[in-house]
Structure formats: structure tokens, C-alpha cells
Amino acid sequence: MKYRTGTLALSIGLALGTIAPSYAAENNAVKKEKDVERIAVVGSRAAPRSVAESPVPIDIVGGDELGKNASSDMLDMLQGAIPSFNVRQQPISDAASFIRPVNLRGLSSDSTLILLNGKRRHRASVIAFQGGGVNDGAQGPDISVIPSVALKQVEVLRDGAAAQYGSDAIARVMNFVLKDDADGGSLSVRKGQYYEGDGDQTIVDGNIGLPFTKDGSVNLSFQLKEADATSRSVQRPDAQALIDAGNTSVASPAMTWGNPEIKDDVTLFGNVKLDLGNDKEFYMFGNYSDRTGIGGYYYRNPQDRGGVYTDPSNGELLVGALDGNAAACPNIPITSANVLTQADYIANVANNDNCFAFNEILPGGYTPEFTGVINDTSLVMGTKGEIKDGFLEGAFFDISGSVGRNKSTYNLVNTVNPSMGPNQPAGYEFEAGSYIQLEKAFNLDLTKSVEVGLDDPMNVAAGLEWRQESFEIISGEEVSWKTGPLRSQGFSAGSHGFAGFSPEAQGENKRQSVAAYVDVEAYLTEDLLLGAALRYEDFSSFGNTTNYKLTAQYSINDNLSLRGSHSTGFRAPTVGQANVVNTQTSLVSGELVQSATFPPTHPVSIQKGGSELNPEESESFAVGLVYQEGDFFMTVDAYTIEVTDRLAQTDKIDIIQADVDALQGKYPNPELLLGNKITFFANDFDTTTQGVDVVANYSMALFDGDTKFSLAYNYNSTEVDDPGSFTTGYKVRRLEEGIPEHRATFTMAQSWDSMSMFLRANYFGEWFATHADEPDEFSSYGWSETAGSSFTIDAEVSYFVNESLTLSVGANNIFDTEAQKLQGNGGAYGVVSGVYYESGPFDYNGGYYYVKATYNF
């Protein structure tokens with residue numbers, strides 16, 4: 001080949017600002033050289049290739065370099081390294097606050113296939129019901145559980161690859177490669193906080209490589225993490241008005257708007273390899289991860305929260321008769337700024353044991369606290385090697401089985417089941433239930449070089465795959481879903497903020513699929529590489545699909561090559577999206593409303609237009625060039641991704657009397673839905689995404705050391721081509737403009753014998769700023785705007801005390817660039833209680849600094 005693998009892999013690392021510093025110690029030279037000689041296994045079934053020899057664009061980011069970030073979350077690390085990777089904080093988004101959805105190339109998080117050591121990674125059990133437009137209803141894997149200390153490198157295939165890897169590989173494929181060293185290791189401690197003085201994080205992580213018999217290895221990694229909550233809150237005007245009126249039970253601020261608290265975050269990863277002899281190998285890898293996240297909800301005002309404090313139909317104080325005689329306890333008109341001082345309240349409620357209002361037990365209102373316990377486990381076992389005889393002599397095989405499980409358990413504190421009246425559980429605490437995502441797979445892959453009369457043998461690969469995916473709902477404790485005695489008097493049922501899963505919702509749904517693929521790749525001439533892949537997959541739920549991919553690369557000369565690809569793809573609706581049941585509180589037109597999510601085939605959904613889900617289908621085109629001369633390296637790749645029947649959660653839909661009448665006999669007590677809102681999943685729109693990736697770098701000697709300049713730029717534009725009946729114009733704008741079209745990073749990395757440093761500038765173009773729950777109606781409040789472009793600067797300096805100990809200090813957003821502030825002053829703005837739009841492309845919490853000590857052995 002005309003390109004040097006190590007040099008070109010090094011070049012792509014430089015372009016992402018990820019190359020490790022040069023250590024003074026001689027015994028680190030071998031390790032450093034091994035880090036540089038990176039090749040990718042994704043994108044081709046042939047022998048692993050360097051990034052320049054690949055007919056499709058691939059980024060390679062070293063695991064050690066990912067750690068050069070203030071955040072310990074893998075999502076934030078990848079966003080700092082890959083311009084088309086977007087992730088945002090989600091302060092009040094139910095479980096999505098703890099497992100944040102991501103975007104690649106403007107598509108939802110479940111449009112990117114995640115691999116671990118080349119094997120499909122299981123999904124999270126969390127569905128992003130408040131996904132910020134692009135990710136509404138997305139259910140992707142939980143990348144955040146993977147610690148950088150466990151990784152050798154991350155390979156990012158910037159091309160559709162469903163014909164090679166199956167469902168979800170519409171936007172990209174990301175392969176997380178675990179370390180497999182049989183010796184050495186590291187231990188590090190990092191401490192940091194935001195400039196505001198909150199969000200303290202403590203992270204301890206480590207890695208060790210051990211021999212496993214004479215010809216094997218066991219590589220183990222761990223991470224322990226604690227992160228305090230942040231607050232970028234202002235006091236709500238309505239809460240302040242209550243305080244001013246003499247209500248002494250209102251907190252200040254009444255609710256917190258910021259990052260959730262993360263505690264007891266424990267992650268363990270293991271990677272085992274054993275040489276079986278005769279060119280065969282056994283392998284096993286997996287993880288155990290567990291963490292608890294604690295976040296807040298919206299404040300419940302004691303004078304206007306419908307279904308708890310007031311009658312939604314007329315705004316009067318809701319009064320319930322504990323003996324069931326509603327006529328004896330009429331509702332009370334609210335005529336003052338503090339209903340607690342009204343004479344009719346004092347006489348008819350405060351001094352009447354039979355008449356009850358929640359102002360008696362929670363006079364200042366309340367803000368529910370939401371806790372999610374996330375448990376993630378996986379195990380992959382297999383064997384691979386060379387077949388020594390028979391028809392397949394000389395072929396390489398890989399046989400594996402895998403299982404992955406993600407469980408999310410939800411609890412609420414400081415909330416009520418309004419229909420239960422004063423009979424609330426101790427501590428106002430509710431266990432709402434759990435979601436469990438379980439996936440199993442078996443794979444057989446064969447690869448063989450076949451002589452067909454060309455200069456080089458043609459590589460032929462084929463394989464079979466069986467997968468089973470299940471989504472289970474476990475009901476919560478009875479009080480979290482029970483319809484209590486006051487429901488008939490206007491009080492809502494279920495734990496407020498997040499109603500518990502009832503026995504009717506409980507159950508497990510499964511789906512199986514079988515797939516077969518064939519993949520060929522050959523050099524027709526010394527300079528022309530062609531490839532083709534074909535995959536057939538059959539699902540037990542919606543039927544079968546066939547997809548293909550064509551690739552080509554042509555070397556014009558020793559410095560310049562052209563490449564291109566064309567493929568079709570698909571994304572199967574997840575079992576969770578097809579069967580999930582959920583009840584939550586959402587902000588609509590400045591008011592908190594209960595909204596329920598039903599399966600699309602549920603009678604309530606069908607009444608509003610729901611139907612069986614179908615897979616999304618895609619067609620992709622890409623062309624690019626690779627140029628290298630001396631110490632300069634550059635790639636430019638343009639792409640188009642057309643996706644039809646995109647699947648997402650619908651907007652909130654009102655249930656009216658005609659729906660109630662039509663549901664009689666099809667759904668129990670449909671009258672309880674009247675006045676509420678529902679959502680479900682639907683295939684409802686098409687999109688076309690176009691973009692360009694540019695990666696360039698240059699190395700030179702400067703300041704008596706080694707200097708590397710790197711640039712990575714992404715332009716990405718999405719248009720909604722055919723919005724359906726559930727896709728409003730506002731949602732279209734969020735899909736098209738909610739993520740910046742222009743994103744770039746420029747990095748200068750400098751290394752000397754005893755020190756290293758890097759400086760990274762991040763550019764974010766214009767974007768459509770919104771609040772997470774904001775529907776069409778909110779435009780009248782002035783909550784939406786086009787936010788301007790922004791720059792942030794990250795930096796880190798490391799000092800090598802000796803060949804083992806390294807001390808580092810760094811910061812993200814070192815100049816504390818302020819995020820876009822919410823418009824308005826009071827009014828609807830105050831309902832959020834936040835200062836900034838949460839939909840921004842960078843952390844609204846501001847600058848963050850950290851110190852770190854690493855011991856290598």
C-alpha cells in the first residue's frame with residue numbers, strides 16, 4: 001500500500017486533538033509507539049486498515065486522550081473530540097437526565113450503532129420522553145457507563161453501515177475497543193468543580209493488565225464517581241408572590257434547575273483473552289455498572305396546580321370530603337394572594353376534620369424529587385481463529401454469544417398521590433417501578449481470501465446472526481398507581497410527576513430476528529479498491545428487510561486518493577417504543593399537565609391515529625478525498641442521508657368527550673382520561689441530511705518541542721421533507737435548527753521532555769433555542785429564539801514528575817463563556833425557574849476546572 005499505517009493513524013488522531021504527549025522516560029517509548037500504531041476494524045470485513053486506506057471515513061480517538069476533558073462522562077469526552085457528535089444537559093427530563101440521548105449528524109441517538117470490541121452493545125432501558133426534538137422517544141445504548149480508562153481507542157465510522165452490521169447503523173458506527181495489555185496499568189484521582197462553586201466531582205479510576213496463563217491476558221478497569229448537583233436557578237415569580245403574601249412554607253428557590261446529583265457510581269470492565277494454540281483464541285469481556293441519579297421536577301404551586309390544589313375547570317381550591325359526601329365540602333374560590341388567610345378556607349377546611357385540601361399538609365406547595373437507579377451489565381464470550389483444513393481451509397472464523405441487560409428503577413420523594421388525600425406514604429416517598437431492557441445474540445462470522453486472478457486475493461466475508469430483544473415493565477408499589485377515594489371528587493391519581501406503573505402496564509414483550517450477510521472487497525488494480533455488502537434480516541414483529549452497500553477508493557498518486565460509498569439502511573423500532581407505558585408531568589403553555597404514553601396499538605392510541613410501527617429506511621451517499629504530504633494530512637468527506645418513515649414520539653394530544661365516547665367498552669374508565677393529554681410513537685416524517693466533514697493537521701518543531709496543529713469541522717443540515725399529521729411546524733423547526741449546522745474544533749498540542757499542554761477552541765454555530773417541553777403554543781410567550789454562534793476554550797497542562805507520576809490541571813470553557821439566556825422577565829419564564837436554555841450545544845453550567853494525579857506502573 002502507498003500509505004504508512006502508523007503515520008496516517010497518527011494523523012487522524014492529531015486532527016482530533018488526541019495525540020498523547022511525549023514522555024521523557026525511555027521505558028514509555030514502546031507504549032507510546034503502540035498507541036500511535038492504530039488501525040480500525042470497523043468499516044471493512046477485510047484485514048484491519050489505517051484510516052487513509054479505508055474507502056469510508058473513520059476517526060480513531062485514543063482512550064487516554066479522551067480523558068483530556070473536564071468531564072468524566074464519555075458523552076462529553078466524545079463531543080470534545082468529534083464535531084458532529086452532540087449531547088446536551090437535561091436538567092428536568094425524567095430518566096433522560098441520567099442517560100442523556102446524543103445526536104450524530106443530526107439524527108437521533110438510536111440511529112448510531114454502538115459496538116464494544118466489535119460486538120453490538122445493548123440498549124438502555126431509558127426512553128427519552130423529553131428528547132429535545134431530535135431525540136423525542138429515542139432509545140439508544142448508554143455510552144456514559146464506558147470509562148475512558150478501560151479503552152484502547154474509539155473507532156468512529158462516519159458512514160451508514162446497516163448492510164454490514166444491521167439495524168441502527170444509519171448515521172454512524174462507533175466501536176469502543178477495550179484495553180488488552182497483559183501487564184502495566186494506571187491509577188488516577190481527579191477533583192473538579194464549576195466556577196460557580198458547585199457540581200463538585202470526584203473520580204477515581206484505574207486499570208491493570210495481568211497475564212492469564214502463558215499466552216493470555218486479563219485486563220481490568222474500574223471507575224468510582226460522585227458528582228454534586230448544580231443550580232442555575234432563579235426564584236419563580238409565583239413562588240415569590242406567595243412569600244410576599246405571607247406564606248412562610250415556600251422554599252427559595254422553590255425549585256432547582258440544574259444538573260442532577262450522581263452518587264454511588266461504580267463501573268467495572270473486564271477483557272480476557274487466551275491463546276488456545278493452533279491459531280485459535282478464546283475471548284470474554286463485559287461490565288457491571290451501577291449508579292444513582294437524583295434530580296428535581298417543576299414546583300407545584302399551592303394555589304393553581306390543577307388536580308392537586310385546584311379544580312382545573314374553574315381554578316377554585318379543590319376540597320375533598322373524606323366521608324365521600326362531596327356536597328358537604330364544596331370547592332372554595334381563591335380570592336387572595338394567600339388562600340391560607342381566607343376566612344372561608346379557615347372555617348371550612350382548616351377547622352373542619354371532614355373537608356380536606358392539600359394546603360393543610362403541604363401549605364407551601366411542593367417540588368417532587370426524582371431518583372433513578374441505573375444498573376447495566378453485559379457479557380460476551382467467543383472463540384476465533386483460523387480453519388486449518390477442509391473446504392474452508394485458510395478462512396478465519398469468529399463464533400460468539402452475548403447478553404446485555406439495563407435496568408432503571410424509579411423512585412419519587414416529596415410528592416403525593418392526590419387521590420389518596422391525607423393518607424400518603426411515609427416521607428411522601430413512592431417506588432414507581434422499573435424498566436428492563438434485555439438483549440441476547442449469537443454470531444458466526446467467516447472471512448476468507450479467494451484468488452480470482454487479481455494482483456491481490458479478493459476478501460469474502462459471510463455471517464449469520466440471531467438476536468432477541470425484550471423490554472419489561474415492572475409495576476410500582478400500589479400507592480404509586482392506585483386510584484384513591486378522592487379521584488371522583490376531582491383529584492388526580494398516581495404519584496405526581498411520574499405515576500407508578502400499574503399491574504395492567506406490567507409485562508414483558510420480546511422480538512427475535514435472524515440475519516445473514518455477505519461482504520466482498522478486492523483491489524481490481526493496485527490503485528482501485530471496490531467493495532460490496534448485502535444483508536438480509538427477518539424480524540418476528542414487522543417482517544424482513546434487505547440492504548446493500550457499495551464502496552470504492554482510488555489512489556490518484558502517492559499523496560491523493562478519492563473514495564465514495566452508497567448504501568441503504570434501516571432502523572427497527574425498538575421493543576420499548578412499541579410497548580412502553582408511561583405517565584409524566586409536562587409543561588404546556590406555561591401550565592403543568594399530566595400526559596400518558598401508550599403503545600401505538602393501544603385502543604387509546606388507535607382512537608387518535610396510532611398504528612403498528614414500521615422500520616425507518618435510509619439511503620446514503622458519500623464522496624471524499626484523502627491528502628497527505630510530509631507532515632500535512634487532510635480528509636474531506638461529503639454525505640447525504642435520506643431517511644423515510646422516521647419514528648418519534650408524537651406531540652401531546654388532547655382527549656375530548658368524543659374520544660371518551662368512542663372508547664367505551666374498549667378501555668376501562670375512559671372518562672378518567674378526559675381533559676388529559678396522551679402521546680405514542682409513530683412513523684410520521686421523512687428527512688434529508690447533508691453535510692461535510694473536514695479533518696486536517698500539521699506537525700512541526702516549535703518552542704523547543706513538538707507542536708501539532710489540528711482542525712476538525714462539520715457542516716450538517718437536516719430538512720424535514722414530508723411531515724405527517726403528528727409533526728407540527730414547531731417540531732419541524734426543532735428538527736431542522738435545534739442543532740448548530742456548523743461545528744468546529746481547533747487544537748494546538750505541545751509536548752516537551754517533562755511537560756505537555758493542549759489548547760482547544762470549540763466553535764458552535766447558530767441554533768434554535770427552546771425549552772425542552774415547549775410546544776407550539778409557547779411561541780406566544782417569547783420562549784424561542786435563534787441563538788448566535790459561540791466559542792469556548794479548553795486547556796490542560798501536565799507535568800511529568802517522574803516516569804510514573806503525572807500531575808495535570810485543566811479547564812473546560814476556561815473563559816466561562818455564558819450560555820444563551822432564556823428570554824423574558826417573569827411570566828412563563830419563571831415557570832422554568834432556570835436562567836439558560838437547556839437545548840444549547842455546550843454546557844450551560846459555565847466554566848469547569850479540575851486537577852488530576854495519575855500513577856502509571
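Computed from a prediction, not measured in an experiment: that's the story for all the values here. Heavy atoms only: backbone and side chains are in, while hydrogens, waters and symmetry mates are out. One-based numbering along the sequence shown.
- Closest non-hydrogen pair, Phe726 versus Ala682, comes out as CD1-CB, 3.9 Å.
- Rounding to the nearest 0.5 Å places CG of Leu663 at 9.0 Å from NE2 of His602.
- Looking at Tyr299 and Arg236, their side chains come closer than 4.5 Å, going by heavy atoms from C-beta outward.
- Looking only at distances, no side-chain donor or acceptor of Glu261 sits under 3.5 Å from a matching main-chain atom of Gly293.
- We find that Asp264 and Arg291 are not joined by a salt bridge, their nearest charged nitrogen and carboxylate oxygen being 4.0 Å or further apart.
- No hydrogens or angles considered: a donor-acceptor pair under 3.5 Å links the side chains of Thr727 and Asp684.
- Taking the side chain as every heavy atom from C-beta outward, Val349 and Ile332 approach each other to under 4.5 Å.
- Judged by distance alone, the side chains of Thr786 and Arg733 do bring a donor and an acceptor atom under 3.5 Å apart.
- Within the model, atoms CZ of Phe370 and CG of Asn411 stand 8.5 Å from one another, a figure rounded to the nearest 0.5 Å.
- Within the 3.5 Å criterion, the main-chain N or O of Ile436 finds no donor-acceptor partner in the side chain of Asn406.
- Within the 4.5 Å cutoff, the side chain of Gln303 has heavy atoms near those of the Leu242 side chain.
- In this model, a donor atom of one side chain and an acceptor atom of the other lie less than 3.5 Å apart for Asn259 and Tyr844.
- Between the side chains of Ser144 and Asp142, at least one donor N or O lies within less than 3.5 Å of an accepting N or O.
- Side chains of Asp344 and Gln342: a donor-acceptor N/O pair is present below 3.5 angstrom, by distance only.
- Ser480 and Ala432 get closest at one heavy-atom pair: OG-CA, 4.0 Å.
- Not less than 6.0 angstrom separates the ring centroid of Phe498 from the ring centroid of Phe430.
- Defined by atom type and a distance below 3.5 Å, a donor-acceptor pair is missing between the side-chain atoms of Ser492 and Arg487.
- Remark: the backbone N or O of Pro670 is not paired with any side-chain donor or acceptor of Gln664 at under 3.5 angstrom.
- Considering all non-hydrogen atoms of both residues, Gln201 and Tyr848 come closest at CB-OH, 3.2 Å.
- Trp257 is not listed as a side-chain neighbour of Val835, based on a closest heavy-atom distance of 4.5 Å or more.
- A donor atom on one side chain and an acceptor atom on the other are not found under 3.5 Å apart for Ser790 and Thr817.
- A 6.0 Å sphere centred on CG of Asp661 holds more than 12 heavy atoms belonging to other residues, nucleotides or ligands.
- For the residue pair Glu226/Thr202, the side-chain donor-acceptor check at 3.5 Å is not satisfied.
- When only modelled atom types and interatomic distance are considered, Thr679 and Thr597 share a side-chain donor-acceptor pair under 3.5 Å.
- Using a 4.5 Å heavy-atom cutoff, the side chains of Phe598 and Ile678 are in contact.
- Checked against the 6.0 Å centroid threshold, His496 and Tyr297 do not count as a close aromatic pair.
- Under the 3.5 Å distance criterion, with hydrogens and angles disregarded, a donor-acceptor pair is assigned to the side chains of Gln139 and Gln437.
- Of all heavy-atom pairs between Ile374 and Val126, the closest is CD1-CG2, 4.4 Å.
- The CD1 atom of Ile334 sits 11.0 Å away from the OH atom of Tyr309 when rounded to the nearest 0.5 Å.
- With contacts defined as side-chain heavy-atom distances shorter than 4.5 Å, the pair Ile361/Tyr428 qualifies.
- The backbone N or O of Gly365 sits nowhere less than 3.5 Å from a side-chain atom of Asn301 that would complete a donor-acceptor pair.
- Checking Asn352 against Asn354 by side-chain atom types alone, no donor-acceptor pair falls below 3.5 Å.
- Aromatic ring centroids of Tyr366 and Phe358 lie 6.0 Å or more apart.
- When side chains are defined from C-beta on, Asn414 does not count as touching Pro368, because their heavy atoms never get closer than 4.5 Å.
- Side-chain atoms of Gln820 and Glu785 form a donor-acceptor pair, as typed in the model, at a separation below 3.5 Å.
- Side-chain atoms of Tyr410 and Glu431 form no donor-acceptor pair, as typed in the model, at a separation below 3.5 Å.
- A donor-acceptor contact closer than 3.5 angstrom is absent between the side chains of Asp200 and Tyr194.
- Looking at Phe768 and Arg734, their side chains come closer than 4.5 Å, going by heavy atoms from C-beta outward.
- In terms of heavy atoms, Thr601 sits closest to Ser611 at CG2-C, 4.2 Å.
- Judged by distance alone, the side chains of Thr310 and Asp304 never bring a donor and an acceptor atom under 3.5 Å apart.
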**Request:** Would you sort out whether Ser502 and Ser475 count as a side-chain contact (heavy atoms from CB on, under 4.5 Å), showing the intermediate values?
**Result:** CA-CA 5 Å; Ser502 67; Ser475 62; 6.0 Å; no
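- Between the Asn331 side chain and the Val319 main chain, a donor and an acceptor come within less than 3.5 Å of each other.
- Closest approach of Ala596 and Thr583 over heavy atoms only: CB-OG1, 4.0 Å.
- Using a 4.0 Å cut-off between a side-chain N of Lys or Arg and a carboxylate O of Asp or Glu, Glu818 and Lys821 qualify as a salt bridge.
- For the pair Ser495 (side chain) and Gly500 (backbone), a donor-acceptor distance under 3.5 Å is present.
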